Amino acid sequence: MIKTMNLKRMYATDEVETTALNNVNIEINEGEFVAIMGPSGCGKSTLLNILGLLDNPSDGEYHFVGHEVSKYTERQRANLRKANIGFVFQSFNLIDELTVFENVELPLFYLGVASAEREKRVNEVLEHMGVMHRKSHFPQQLSGGQQQRVAVSRAIVAKPKLILADEPTGNLDSAHGSEVMKLLTQLNEAGTTIVMVTHSTHDSEFAHRIIHLFDGHVVTENIKEQFHV
Amino acid sequence: MGINYLTISIRNLKRQPLYTLLTISGLAIGVACCIVIILFVQDERSFDQFHAFKDRIYRVNTGMSGDGRPTNANGQIAAGPSLVKEFPEMESFVRFRKFGWNEKRVVAYEHRRFYEKRFMLADSTLFRMFSFPFIAGDREKALVAPNSIVITRSIAGKYFGDEEPMGKKLSIDQNNDGRFVDFTVTGIAENLPLNSSIQFDLVGSMTSETQSFRPWSLESIFTFVLLKPGVDVQALETKLPNFLEGQLGRKTTLSIHLQSLHDVRLNSNLNGHMEIPGDASIVFILSAVALFILLIACINFVNLSTARSTRRAREVGMRKVLGAQKTQLIRQFIGESILLAFSSVVVGLVLVEVMIPVFNRIAEKDLSLLSLASPEGIGLILGLIAVVGVLAGSYPAYVLSSFRPVSVLHSSSRGGVAGTAFMRKGLVVLQFTLSVAMMACTGIVSSQMNFVRSLNLGFQREQMLVLPLNDQIRGERQVFKQELQRNPKILGVTLTEQVPGRAGNGVGFQLEDHERSGAYRMFVDEDFLNTYGIELLAGRGFSTDLPTDGTESFIVNEALIRAQGIRSPREAIGKKFTMYHAGTQKQGFIIGVAKDFHIQSLHDRIEETMLTVMPAPKMNLVTIRVAPGDVSETVQFIRDEWARTSPHYPFDYYFVDEDFDQLHRADQKLGEVFAYFAILAIVAACLGLFGLASHAASQRTKEIGIRKVLGASVPGLVGLLTREFLLLIGIAVLLSWPIAYVGMDRWLQNFAYHVPISMVPFLLAGLAGLIISFATIAYQAAAAALANPVEALRCE
């Protein structure tokens, strides 16, 4: 599903050029649950942005679901992204001015799904995630755990093949964090590929495989045997 | 999803009430100014549009300058009939005869006697060519019979009350000579709409006396012709020079021109009008000013939305992550600004209701919002909403939609778009440049108006009471004068053809062996110079003791002898002088040279002028100079004397200074409207500044907290927060000066006599701009500086 070849990302300011990613080669197959770990500034989020088609690499190739997308324009990336990728962020990134229902509905709107169908699917997802009773509330009226459930609902409502989670439990207490990890595991078991950036060793335990980044390089890849039974 | 956009827009506006209030009120001010000006322009453009044949009606203008350009709206008695006779392209003509420029006629019915200003004579084709609505009578035939008259509804009520006016006779002192002519009422017209360039209350049939005018001399005659459908006007105009020479039987510098009725209101920069026309340049200036204010208001919206755009960065980022295209986001944000524009227009319309009475009073108009209640008006309002929405919303939409999700969703960076802060500063400078320039202009207009009021005109203008002459006074003028002068508070009495300020008529003259030339004329009596306090530089004034002064003496002004190349006033005394007037000539000598005095408005330079004593029938007005102090007693004395000498004439006076002020009424009006607009502009600009200052203060809460902890004083912090804004306003002040200077320099060129442009209005406007803007931002700055630093640091 995902294959990167010599992926590079450089950031240039007036005086300095920083290399955030350097010759990153990774491959992620459909159905995998992969955690990306590493210290702050190692390039985790940069990699996730590129994998999530939010950014283009400076050099190298990126193959996503069979397309070489490294030179795609913003419009092309947006089109590919909205049909295939769901995002879960540490800070939830719910739109404050929209209700729970409207937040979850948004991806379907941008996919051009008809209104009646949107309503049906959003209700299904909210039901499934246990936040149906909160559908008319605004994000600030919810607890952190509820907000993240809504964010996950939004990420999966369009049934994407890939979910990218950026520190999904970073803003949650341990009980709510575990809840979210369980949700992601369930999704993965149902066939969704999951790539998660995390600092938490506990969270990484849920993944099949851990990619360690350091200073923009992949340093190790641990395959967790117990998931290969 | 339109609903989704709408919902989120409304929620956004509700969540930020201060900014919503500032933006909407600013835009509402801009929109209200625009609507008032739209109504004004609509009214100006509606002039004469109610005539069915408006596209085929042309006014025959006259060119007197010899360069083939039209100079006068009035013309000759022969023009209409000869044109229609000569050119098959013309269907018919109407001539109007007006009586002088500011004269009133006594109209009487039984015991009712009033002066009427709007009395004219016209050809019988009047109501066939022009579609003035008729209430009674046969519009085709009403003016066919001699001495028939059509009156308006209000005149009918004024003279006849409940009686039936048709067939009744109105007596009119047509020539102001006491010989009343009876006119039979043959028609009643609806009161003429204000938006008509032709205005009358009574119109009589063209009299045989008028027919005895010299056919091609310039008179108070206004000719309109009706062309046949499809006539090529330009081709027709090329035939006019030959036609005119054929009529006159010689080469001529005179020319005639056709002007479409559509252009009569706004494109008539000509002498001799039936009514004072509109001024296209005022329409232009006011439109520009209204657009400036709207621009200032739109800038508020741009600045407040870009300044606060980071608040919406996450929304934009998330929408993009979820697949929104930039164009979809632009649409969303423009939609929001259109929603704001809509709200502003609603509030703006309420503001218009408040502004309209003030504007109507100043502009002497009768504008009403109701005139927008038409498909065209609604279209205009919708257009305004769209224009404001797009104008104000485009740049913020571009900025907001340019946020990159990568930077706004992950990192602590606020994802601002590069250059917006610079743009914002530039726009604040632009706003204040415009507002301060408008304030400076207001100051200069006002000082010019003071100048107009206080300038030494070369003649006495205060305490000068003017009355229209009638034949009884003319007949007993010496007794009347003597009786008045028994009162020590009456310092002088003089009979004249016109009063200074209004004397625009000319004569030909020849000075000894110099070339024949032209000059303005003043027909006066022997007491004119003394009564008006006009200074003599050489020679003597007219005297009743010398009978020759009435027949062969002339007084000229300095400008005349200068133009004739005579070096000193004394040298001119005793020179032979011939005056040519209305086909006659009067020969004599120069007996005096008067110091230059103004005989026209200050728009016109003092030009060659000659004074001569004329017999009483040539005189129209009597001027009485009253001693300063309580004039009411003296006026009562004059009233009694007037009633004794001419009991049948109403006592209807005015003062020369007020009349002179009237000449500059249009300038005054412009100045007053400008002042109001300048105030609105600065208010609109300050609303935006207030918003920006409040935003800046909130952005710097943490900085202020730290500075306070480290020992910064409150005044120091206020200085810190206001410095940057005041610098911008300072730049705006400097930029506004040359703009105001150039604009005002051009405006003052309209006046032959004007104030020098001094630094004072610029300095005052600049200072006012700085003080007002400081007051606007100081509150925010002080509130931020006084806040508890612990709170500020904790909230960060």
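Worth knowing before you read on, the calculation uses all heavy atoms, side chains too, and leaves out hydrogens, waters and symmetry mates. Keep in mind that what you see is a predicted model, and the values were worked out from it rather than measured. Residue numbers begin at 1 in each chain, while the letters A, B, ... track the order of the sequences.
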Can you confirm whether M318(B) sits close enough to N103(A) that some side-chain heavy atom of one is under 4.5 Å from a side-chain heavy atom of the other?
no

Minimum side-chain heavy-atom gap L54(A)-R404(B) below 4.5 Å
no

Measuring heavy-atom distances to chain B, does [X] have an atom under 4.5 Å in its side chain, in its backbone, in both, or in neither?
{"X": "L80(A)", "value": "neither"}
{"X": "S115(A)", "value": "neither"}
{"X": "R75(A)", "value": "both"}

Please report the interatomic distance OG1(T99(A)) to CZ(R11(B)), rounded to the nearest 0.5 Å.
5.5 Å

Residue K320(B) versus chain A: region with a heavy atom under 4.5 Å
both

What heavy-atom pair brings [X] and [Y] nearest, and what distance separates the two atoms?
{"X": "R314(B)", "Y": "S91(A)", "value": "NH1-O, 4.0 Å"}
{"X": "K82(A)", "Y": "L322(B)", "value": "CB-O, 3.6 Å"}
{"X": "L98(A)", "Y": "R319(B)", "value": "CD1-NH2, 3.9 Å"}
{"X": "R81(A)", "Y": "V321(B)", "value": "NE-O, 3.1 Å"}

Heavy-atom pairs under 4.5 Å with chain B, option from I95(A), L108(A), T46(A) with the top count:
I95(A)

So does E124(A) have more than 12 non-hydrogen atoms from other groups sitting under 6.0 Å from CD?
yes

Decide if atom NZ of K3(A) counts as having more than 12 heavy atoms of other residues, nucleotides or ligands within a radius under 6.0 Å.
no

Any chance you could lay out the salt bridge (charged side-chain N to carboxylate O under 4.0 Å, His left out) test for E97(A) and R15(B), step after step, and finish with the verdict?
CA-CA 9 Å; E97(A) 286 74 20; R15(B) 276 167 61 99; 3.0 Å; yes

